[in-house]
Every structure is written in C-alpha cells, then in structure tokens.
There are 2 protein chains.
Amino acid sequence: MNVTAFKRRKEFGKTLASDIAHRMRNEIVTCRLKPGEVLKFDTLRLAYGASFTTLREALTCLAAEGLVVAEEQRGFKVAPISLADLIDLTRARILIDVDLIRRSIENGDDDWEIAVISSIHRLGIIEGREVEDYADNPEWKVAHREFHESLVAACGSPTLLGIRQSLFERAERYRNISARFRPRPRDKAGEHRALMKAAVGRDADRACELIAKHIQSTTDNVIKYASELFSQN
Amino acid sequence: MNVTAFKRRKEFGKTLASDIAHRMRNEIVTCRLKPGEVLKFDTLRLAYGASFTTLREALTCLAAEGLVVAEEQRGFKVAPISLADLIDLTRARILIDVDLIRRSIENGDDDWEIAVISSIHRLGIIEGREVEDYADNPEWKVAHREFHESLVAACGSPTLLGIRQSLFERAERYRNISARFRPRPRDKAGEHRALMKAAVGRDADRACELIAKHIQSTTDNVIKYASELFSQN
DNA sequence: AGCGGTAGTATTTTCGAAAATACAGTTTGA
DNA sequence: TCAAACTGTATTTTCGAAAATACTACCGCT
C-alpha cells in the first residue's frame, strides 16, 4: 500500500482543482457563498485546504461558467445576481432550449424516447415519496436536471448542449430563490408530464411552447415575489 | 524608476496569464498551433517563457472557450477541427446571431446606427487599400469582427454576446481555411453592405435572412473545397 | 479643511521544486 | 507465445514561498 494513505479524497473528477470547482459550484448555486461575496485566497485556502494555484484554477473554471467574476489584479468574487441578469439569462435559455428540443424531437430515436420516459418516471418517484415541497431535495434536483437534459439529448449539437448546461447551472440560484419565495408550489409535475407527452408525441411546436413557458414562469415568479432581493441594483 | 526594469512586457491584459492566453489564442486560430496538437508544458514553457502555473491558467481559459481541450491527468491539446464541428458551430452561430441582430434592430438608437455605419466605413477603407485578397490582413480581421459586433451591439443581452464572441473566435480557424481554399473571393463587401442597409433600415427580417446566409456560406465553401482536410474524422 | 503624494499592509500573481500520475519497455510466469 | 505485473521515465498536478500589484491610512502642503 502507498505511504501517502492520507492523501485527499477526490469525490468528483480526477484532479483536485476540478473537485474544488465542483464543491464551490455547489456552494454558489445554493447561495452558501453569497452573490457578490469577495473570494480571498487566504480564506478559501483555509476552507478548502488547497494551495493558491489549485484554487486559482478552480476559480478560472467557474469564471468561464459565469458563476464567479474575475477582475484582473483584484481577485475574484461570486457573480452578483440581479433582475437584469435573470431576465437576460432566461431569454438566452429559452432561445437555446426551444431550438434544441425541436431538433431533438426531429432526430430522436426509440432509445431517446425511452430515456425521456424513464427520466420523468424517476422524477415522479421522488416527488411521490416526499410529502412536503420536494424542490429542496438534492436528489430531486439531479433528477430534474436529468429530465430536462433528456429532452434535448438527441439534438446533435455538442456546442449548444455545453452552453445550455452552463446556463442551466447559472439559473439554479434563481430557481432556489423562486422556490423559497413563491406563495405555493407550482404544478411543476404537470408541466413536466405535458412536456414529456409533447416530446414523445413528436409535437415539436407544442413542446417548444411548453418549454418556453416553463422556463419563463420561474422568472415571472421571482419578479413577482422576490424582486426586492435585488435592491442593490 | 523601478529596479525590475526588465520585467515582462504585457501586451494585452493586465496579468501574464491573460497575455499568454491571448497569444495562444492567436496561434491557434491561425493554425500555427495545429488542430489536435498536444500541448506539453515543457515545450510551452520554452516557447512562452512562463511557469507551469501561469500556462495552466491560460490553457484553462482557452479550454473554456473551446479552443483547447483538457483531458484530466493527461494534459491539453489544441481542439481538433472536423466537418461535424464546423456544421455544429455554424448552426449555433446562426441561431444566436439571428436572434441578437433582430433584438439589436429593435433596441438600437441613433448612436447604434452611427456605430454600424462607421464600422463598415472603416472596413471599406481597408478593403480599398489592398489590391489583392484582404482576408489575410490582420487589420481587416479586426475591422471585420468589429463590424459584426456593431450589428448586434444593441441587443441588450450580455450573456448571449459573450457566447457569440466565443463562437466567433472558434469559427476563425474555419474562416481562414475557407479563405485559403476558395477558388475566388466571395463578394463579402457586398454582403456586408447589404447587412448594414437592412440594419439601419430597420428591416429585421431581411437582416436575419442575410446574416444567416452570410455565416452559412463560409461553411458551404469549406465543405465544397476543403472537406478532404478533415479526413482524419 | 481638502488634496496629493507616500509609506506600509493586504492581496493577488508568478515561480520552480516536489509529489502524483500516466506511459512505455521489460521481465516473469503460465 | 501471450498476458499480467513491474520498473523506470515522461508528464501533469500541486504546493508554499517570493515577487508584483492594489489598497489604506497617514502625513505634509496649499
């Protein structure tokens, strides 16, 4: 056995930097690292137990994803949130998701259909288990992400899929805010089922319309009930 | 005067890492660094005179832009080119540019119009100076990029503008290939003028149609005359 | 008092060595 | 002969110190 038995556990990815990026991404989207918070290396070094260089690489990755912003020679901070950013992000996501879902419906084969159905089924199981609001459940979040991914999986565009994923991550913070502030849960399960039906029924126009509304409604909810959170802008 | 008078010149950006990223970006899009080429740190260290860490940060940035690919624990290589990638990229660019030009035409004020006209004018001056093909001229490339940027500048979407810029950079390699292999120069100047007229004439439908064709035609040209370059795939 | 400059401190950025990991060539055992 | 384990080398990844840069508080001057 290796003498360096106490070396760091890497829970995600192969390198320490990608592992730390993963952990920080999590803390940012759950707002444990607050929007706009400055990220000083000394603090981070203590928190994550890694060196300057490694942290720097992780931060560079997250900056590329838009979750942190880098000001040269002046360090990094958690990307701020704002109404303008939410609206911008929402519009971008709708543009891309609508295109990808249409192409996915055109290209998707039987396996794709099966994947869509199986992922919504998994989502349903988790929703059925939880008595109260399931949107906080990390397991639900994964299944939710995977359902949406399954819808666009057959689009055939690696470039746009990568961009879509990055925008989806960026929107996670706003989804969490929406869940915390809405007066009562939306009928997300129903929306998802309708999406699934339109997809496997190969009704592209309807699927596009539904996905646009689905994405937009989270934004509308935040604007309605939580806009005072963005008073700093 | 400072004693460290011989410190490195930073021609671009404030940090050495961003400067090196800038230089490498250039070498990649001009194919001086060949598609698929493995980027070993020892070699790079010699070529760019920077340390592991600094190079690593530059490479991480470029990886986020899609110009290099990172395989964990196995280093970096220049992003390969392929017909599939070109087609994917083209479709993504058209989707985004069409949306942004439409929104820009909706939102653009007088200053925007002036900026569009002045940037095409600058392009025209450069084209008029050069007797032979101007597409190799770096000055023309800058002016060309700035003209296309001016068209979408008023769209009001920072997110999509950032994505657009990154896709534009990625397409640069293919533009260079197209310029090298096409039998005779396309009437780019005419296409650009028509785009400008549609934009300032606030004819969004026409501008969208023109920009889509404009982007597509480079791709068609590469497919027609240079597809044997991609034989590795 | 207000402004401009300056020294001292906090923080980021860069470096090259050291550790960890992958790769290639060789040997061993069936 | 072939596959699997091993060993040495090449390469990447990580570290903490050192250099460069930005920030702050103080001082002197008008």
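Note that the structure is a prediction, hence the values are computed from the model and not measured. Each chain gets a letter, A, B and so on, in the order its sequence line appears, and its residues count up from 1.
Taking B:Arg145 as the reference, B:Glu149 meet the side chain to side chain donor-acceptor pair (under 3.5 Å) condition, with sequence neighbours excluded. Residues forming a salt bridge (charged side-chain N to carboxylate O under 4.0 Å, His left out) with B:Arg91 (at least two apart in sequence, or on another chain): none.
Rounding to whole angstrom units, NZ of residue B:Lys14 and P of C:dT14 are separated by 13 Å. At whole-Å resolution of the value, CG in A:Leu16 and P in C:dA18 are 20 Å apart. Between B:Tyr48 atom OH and C:dT14 atom P the separation is 16 Å, expressed in whole Å. Regarding B:Arg45, its CZ atom lies at a distance of 7 Å from the C1' atom of C:dG16, rounded to whole Å. Spacing between atom CG of B:Leu44 and atom P of C:dG16 amounts to 15 Å, rounded to whole angstrom units.
Between B:Phe41 and B:Phe76, the two ring planes are perpendicular [angle over 60°; tilted spans 30° to 60°].
Figure legend: B:Arg45 and B:Phe52 shown as a cation-pi pair, the cationic atom lying under 6.0 angstrom from the six-membered ring centre and within 45 degrees of its axis. With B:Phe147 as the aromatic partner, B:Arg122 does not meet the cation-pi criteria of under 6.0 angstrom to the ring centre and within 45 degrees of the ring axis.
Contact annotation: B:Thr53 side-chain N/O to D:dT14 OP1/OP2 distance is not under 4.0 Å.
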N/O-N/O pairs, protein side and nucleotides 5-12 of chain D side, under 3.5 Å:
{"from": "D:dT12", "atom 1": "OP2", "to": "B:Phe41", "atom 2": "N", "distance (Å)": "3.0"}

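Atom CG of A:Asp109 is surrounded by more than 12 heavy atoms from other residues, nucleotides or ligands within 6.0 Å.
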